[in-house]
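Order of appearance sets the numbers: ligands from 1, and atoms from 1 within every ligand. All values below come from the heavy atoms of this structure, side chains included, with hydrogens, waters and symmetry mates left out.
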Amino acid sequence: MTKHVKMLAVATVVVLAVPALAGPVTLKDAYKSDFVIGAAMDAAQISGADAKAQAIVKAEFSSISPANALKWEKVHPAPDRYDFRLGDQYVEFGQANHLFTVGHVLLWHNQTPDWVFRDGSGNLLTRDALLARLKDHIDTVVGRYKGKIKAWDVVNEVVGDDGKMRETLWSKIIGEDYIAKAFEYAHAADPEAELLYNDYNIEYPGKRAGALALVKKLKAEGVPITTVGIQAHYLINEPDLKLLDETIAAFGALGVKVALTELDIDVLPRPGDQVTADIKLHLAADPKFNPYVNGLPEAVQRQLTERYSEIFKIALKHKDVVDRITLWGVTDGDSWHNNWPIKGRTAYSLLFDRAGNAKPAVAAVISAARP
Ligand code: XIL
């Protein structure tokens, strides 16, 4: 190399290095060496009808979850009928864009048709018949996306709000080993997939104790659980984030990974400020529970920004345990909080506003990664 060429090479390196010094500009790049950052996609986003949100997913996120597309009622609506149209589009989108693609959910007590638990005459199935039906469902759905869906929520919300195992038709008909069976079937259908137990409010000590006992027992029995999903459907001041910090540490100590699987922050008041993600909760509309129809006040925006930033800082502190943070939606307009627990509200739960612009929380979350 001549001296001139050498100088040119050095100059090029310096110029190329400048943008890096300015810091990362997307969420996924900011957290690249820590964990993947996901967003849940609804049907319009999966199909491309909502092109604006799809573009945000491609630009900012490294993982996707299906808000509803792979729930039992969607993917397996009748005993002998599977419907993979939306599921296939979802997985193709993930493949085409190199996204860590998540499956949600194999076994739940909600969004599961009643026929699942009954025979042709409407009587409850026997244990063996329900296990056979569960195995067929898991073999078919997990098998179809083997190697493409990298993590499955195997069981959802199996611990009750009282910290005891939740009683559902699954537990009643099969008995307490229904959870172990679901994990075994999922592992057999795709031995490489990460397998989760997913739940809400397991930050609170009472319910957390139940969830910890469950995971401890499953691990001791050799059940192939890899990860605990903390849903993280939060309010603006509940739960105290100290509880999140403790919870991640407590599950990490059991030898499982932790993912925040459905993160969003409801800034709107609720009657009694109930902290829950029970989708069956429906409360009456009242203007006092929908205070920000004309926009979010600055002070609340700041609180939201601060809270998002704190959550990501806590996850970073535990980056050896945390492998993913997924937001439950892309823009405020498509958050489920617009219609739950009260219909027709104007929610501000996510990181992008209704127009698709990054809210101040995005910059705060990015700088939390590289202070
Ligand atoms: C929600 C979806 O976002 C809504 O579109 C649907 O109407 C109800 O379910 N916990 C879960 C998710 O595990 O599947 C739920 O998703 C939110 C609570």
For atom CZ of Arg85, decide whether the heavy atoms of other residues, nucleotides or ligands shown that lie under 6.0 angstrom number more than 12.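 Incorrect, the count does not exceed 12.
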
Does Lys172 have more than 12 heavy atoms from other residues, nucleotides or ligands lying within 6.0 Å of its NZ?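 At most 12 heavy atoms, drawn from other residues, nucleotides or ligands, come within 6.0 Å of this atom.
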
Protein heavy atom at shortest distance from [atom]:
atom: atom 5 (O) of ligand 1; answer: Asn68 ND2, 2.9 Å
atom: atom 11 (C) of ligand 1; answer: Glu262 OE1, 3.0 Å
atom: atom 3 (O) of ligand 1; answer: Trp328 NE1, 2.9 Å
atom: atom 15 (C) of ligand 1; answer: Lys71 NZ, 3.8 Å
atom: atom 8 (C) of ligand 1; answer: Gln111 OE1, 3.7 Å

Atoms of ligand 1, numbered as shown, that sit under 4.0 Å from any heavy atom of His104: 11 (C), 12 (C), 13 (O), 14 (O)

Sub-4.0 Å atoms of ligand 1 with respect to non-hydrogen atoms of Asn156: 11 (C), 13 (O)

Residues Gln111, Asn68; criterion side-chain hydrogen bond (donor to acceptor under 3.5 Å, both in side chains); working and verdict: CA-CA 9 Å; Gln111 296 183 279; Asn68 292 295; 3.1 Å; yes

How about Tyr234 and Glu203: does a side-chain donor come under 3.5 Å of a side-chain acceptor? yes

To the nearest 0.5 Å, what is the distance between CZ on Arg133 and CG on Asp119?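 It is 8.5 Å, given to the nearest 0.5 Å.
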
Any salt bridge between Glu238 and Arg270, counting N to O under 4.0 Å? no

Ligand 1 versus Trp108: contacting region, heavy-atom distance under 4.0 Å: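 The part of Trp108 near ligand 1 is the side chain, not the backbone.
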
